[in-house]
*Asks:* 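Here it is, the structure in full.
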Amino acid sequence: MHFELSADQKLLKETAASFAKRQSPLTRARELRVDPRGYSRELWATLGELGWLGLAFSEAHGGLGGSFVDLSIVLEELGATLVPEPLVPSVVLAGGVVAQLASRAQLEQHLAPMIAGQRTLALAHAERDGRYDPCWITARAERRGDSYRLDGEKVFVLGGHDADALIVVARTSGAAGDRDGLTAFVAPPDTPGVQVSPIATLDGRRAAHVKLDGAELPVSSRLGDEGAAGPALMLALDRAAAAACAEGVGVTRAVLEMTAEYLRTREQFGVKIGSFQALQHRAVDMFIETELVKSASIRAAIALDAGEPTEAAWAVSLAKAQLGVGGKYVVQQAIQLHGGVGITDEHDVGLYFKRMHALMSSFGDEAHHVARVARSPLFTAGL
Amino acid sequence: MDMSFSPEDAAFRRDAREFIARAMPPHLASKAAVDGHFEMSEIMEWHRVLFTKGWVAPAWPVEHGGPGLTATQRFILGEELALAGAPGLSPFGLSMVGPLLMQFGTEAQKRRFLPRILSGDEVWCQGYSEPNAGSDLASLRTRAEDDGRGNFVVNGQKTWTTYGQYADWIFCLVRTDASGKKQQGISFLLVDMKTPGVVVKPMLTIGGTPAFAETFFENVVVPKENLVGPLHGGWTVAKALLGHERTMIGGVGASLRALARVKRIARATTRGGAPLLDDPEIAAKIARLEVRLRSLEMANYRTLATAALGHAPGPESSILKIRGSEIQQDCFELAMELMGHDALSWHETEGAVPPLEAWVPSTYCYNRATTIYGGSNEIQKNIIAKLILGLS
Ligand SMILES: Cc1cc2nc3c(=O)[nH]c(=O)nc-3n(C[C@H](O)[C@H](O)[C@H](O)COP(=O)(O)OP(=O)(O)OC[C@H]3O[C@@H](n4cnc5c(N)ncnc54)[C@H](O)[C@@H]3O)c2cc1C
């Protein structure tokens, strides 16, 4: 058992940290809130050149064959300055589904250009009525000769406002909640019958609601076998949840540093506010939660790399639930300890606060993952 | 990064588990099964079992009779003992005064005391706290005065002396100089409990169990050779323990065992004929506790991995005591909640509730101590705020 970073991983961490600081400091995330795209294609290309978009894809999928731990290292650093490029939605989530299901030709066509930083993808799977149940999909895909006809509505397609292709998950058989009968398709956003409505999210980023109204997609756009996309979708969602945790580690770390610094400098009653014990203890609780969020996130990443499905799903849910409690505590108390200035849009602490809430609400919230922990076979194992 | 234990360590775990199951006498095993309170005699009985095996002092160096286990094996052994519900050994000799003697004691002191700590022939207790010196330990007032004939004469009172009524020896912090800064005039002294003038008044805990005592000293004559470390240097001696291994401090093994008990209670307790565990709200409550415990378990593993490399503990280790003690409490709080009416019960009446639950109310009560002893959580937070977050 060891949790030291290898020499390569240390280098990766340093590179990611200095990239974040130089190329995308917090000011950039702030500025891009008013940009309709919300990120830049140039920086996306740079991420591709650095190899980070393909970091955790196997070589057979055109990636570097790195581990999920490697990816987490990058995400933590990018999370610390709120780098707004859609890494998790495009690479981990949509890319994750494509990599698992696509044919060689489809990989070349859809995944390779994304890994190179030339294109982005977005996964259109969630529906309003399903909350976080990945299989609660009612959008239908009906086979008609050489094509499928898709109808339904997808919500909060992260990065969907700007993606070069949507990966749509629809039902070819069965009923909402069934694990079987889900099929994934690659849909260019300009397909007739596909209506992409951009929406703003609370963290200053962009997503889309997507309406499918008789959209016709060729059979060649289908990823994998008909009805067999469920497991790929669930694994991609687990990896995205763990990725959100890794990003969240960067957020909590930055917020803790920022808050401790404020306590060390801000004066009231003629003394530093950090001399007030009530605030010291609050800051220590923030520190504790930061360490716990980090610990849980490491477990999830390692379990995903180990690949034992029950254990991995369990570890991911533990981590995401911990983020939901601990991450929330850290950002809420950070605002409290900043006082009024923490409420101003001008202050950076609010950016972290809102990003944390976006992470918490994506890929399953605390209640969802707690329920998954309770349903895991590991919950009652060995009693 | 790697979370797995090496094949050798996994084999060690199997050996440890088998040994514990085989070596525990039936009357201890049946108490362990219900996590009942172990009497001091039972604790010492188990001490001797582990002594015979060579495992009683996992962290002691081989030259003093330690087993020469790696940090990881020590952790595994500790965890297996906790998971098995084995009697918790008294830490005062094995983990406190023993290691301090190795670091600060004279050769004669080491020869005199260490073998009997190891064998369990002598039981130790800790005389730090006083009625008016708890968290502010340095304000202690128990005096030791030089009688000019090679002795100290000790007067004063210690309190919350765990196992005071069973102990042969007590290690004390005493004031030898009241003139300077309060930390400076303190000395570390070993006192034979049989010395005339030592009076012990046992107290019951709120768990209904005998655990600690008040210890009075009236003109107790202690030979100077029982001074450990320099005169007036006792504060430094006592503080040296803080840097010691922290991998067991969070009580994660005990909490994992307690959490399993919580789940078993939830499965065995029915409401309207259905097990509580089938109620998603109850299951979620338990799962939330598990989320917190498993995060702490990981923080503990991180601390262990650092210790195994021989590095100083990282910042994550300082959270173990705080969160660990809270979670120990929360496990039993939740057990009480799940028990409903049964939470009214008390272990004095046997058979009033299922054996699974019999000791829960007592342990719930007693465990309120976990956030107080060994430096209260408030004090721990003061330390982290200052040393790690730079707040003062
Ligand atoms: C079960 C048990 C066994 C024990 N065994 C032993 C033993 O064997 N030997 C021994 O010497 N001692 C023993 N102790 C004593 C233990 O170390 C003390 O209880 C502990 O140090 C707290 O001191 P106190 O009880 O005097 O509480 P106080 O110090 O009076 O504290 C009261 C409350 O005030 C808080 N407080 C105090 N100072 C501060 C501060 N600066 N900032 C914020 N909050 C503060 C505390 O956290 C606590 O909540 C034992 C205690 C218990 C409960």
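Just the heavy atoms: all of them, side chains too, but no hydrogens, waters or symmetry mates, feed the values below. Below, read A as the first sequence line, B as the second, and so on, with proteins coming before strands; counting in each chain starts at 1.
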*Asks:* Test of understanding: with side-chain contact (heavy atoms from CB on, under 4.5 Å), list the residues that count as partners of B:Y373, not counting sequence neighbours.
*Replies:*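 side-chain contact (heavy atoms from CB on, under 4.5 Å) check on B:Y373 returns B:Y366, B:A369, B:T370.
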*Asks:* Using distance alone, with no hydrogens and no angle check, list the donor-acceptor pairs under 3.5 Å between chain B and chain A.
*Replies:*
residue : atom : partner : partner atom : Å
B:D2    : N    : A:H2    : O            : 2.7
B:D2    : O    : A:H2    : N            : 2.8
B:S4    : O    : A:M1    : N            : 2.9
B:K263  : NZ   : A:F379  : O            : 2.7
B:R288  : NE   : A:E366  : OE1          : 3.4
B:R288  : NE   : A:E366  : OE2          : 2.8
B:R288  : NH2  : A:E366  : OE1          : 2.7
B:R294  : O    : A:R299  : NH2          : 3.0
B:S295  : OG   : A:Q322  : OE1          : 2.8
B:E297  : OE1  : A:R299  : NH2          : 2.6
B:R302  : NH1  : A:E291  : OE1          : 3.0
B:R302  : NH1  : A:S295  : OG           : 2.8
B:R302  : NH2  : A:E291  : OE1          : 3.3
B:R323  : NH2  : A:E289  : OE2          : 2.7
B:E378  : O    : A:H281  : NE2          : 3.4
B:K381  : NZ   : A:D285  : OD1          : 3.1
B:K381  : NZ   : A:D285  : OD2          : 3.1
B:N382  : OD1  : A:Q277  : NE2          : 2.8
B:N382  : OD1  : A:H281  : NE2          : 2.6
B:L389  : O    : A:R264  : NH1          : 2.7

*Asks:* I'd like to verify something: which residue of A:G274, A:A315, A:A301, A:A296 has the highest number of heavy-atom pairs under 4.5 Å with chain B?
*Replies:*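 Answer, by heavy-atom pair count under 4.5 Å with chain B: A:G274.
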*Asks:* Under 4.5 Å from any heavy atom of chain A, what part of B:L259 do you find: side chain, backbone, both or neither?
*Replies:*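 Nothing of B:L259, per the 4.5 Å heavy-atom cut-off to chain A.
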*Asks:* Out of B:A287, B:A260, B:A299, return the one with the most heavy atom pairs under 4.5 angstrom to chain A.
*Replies:*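 Of B:A287, B:A260, B:A299, B:A287 has the most heavy-atom pairs under 4.5 Å with chain A.
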*Asks:* Roughly how far, to the nearest 0.5 Å, is the CD1 atom of A:I288 from the CD1 atom of B:I384?
*Replies:*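 Reported to 0.5 Å precision, the distance equals 5.5 Å.
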*Asks:* Nearest heavy-atom pair of A:A321 and B:V291: which atoms, and what distance?
*Replies:*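 Minimum heavy-atom separation between A:A321 and B:V291: CB-CG2, 3.8 Å.
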*Asks:* Which atoms of A:I273 are under 4.5 Å from chain B, going by heavy atoms: the side chain, the backbone, both sets, or neither?
*Replies:*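 Answer is neither: A:I273 stays 4.5 Å or more from chain B.
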*Asks:* Let me know if A:I302 has heavy atoms under 4.5 Å from chain B in its side chain, its backbone, both or neither.
*Replies:*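 The answer is the side chain of A:I302.
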*Asks:* What part of A:V370 gets closer than 4.5 Å to chain B, counting heavy atoms only: side chain, backbone, both or neither?
*Replies:*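 When you check distances to chain B, atoms from both the backbone and side chain of A:V370 fall under 4.5 Å.
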*Asks:* Given that the side chain runs from C-beta out, which part of A:A319 has a heavy atom under 4.5 Å from chain B: side chain, backbone, both or neither?
*Replies:*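 Contact with chain B: none, neither part.
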*Asks:* Give, for atom CD1 of B:I319 and atom CZ of A:F287, the distance between the pair rounded to the nearest 0.5 Å.
*Replies:*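 So the CD1 of B:I319 and the CZ of A:F287 are separated by 6.5 Å.
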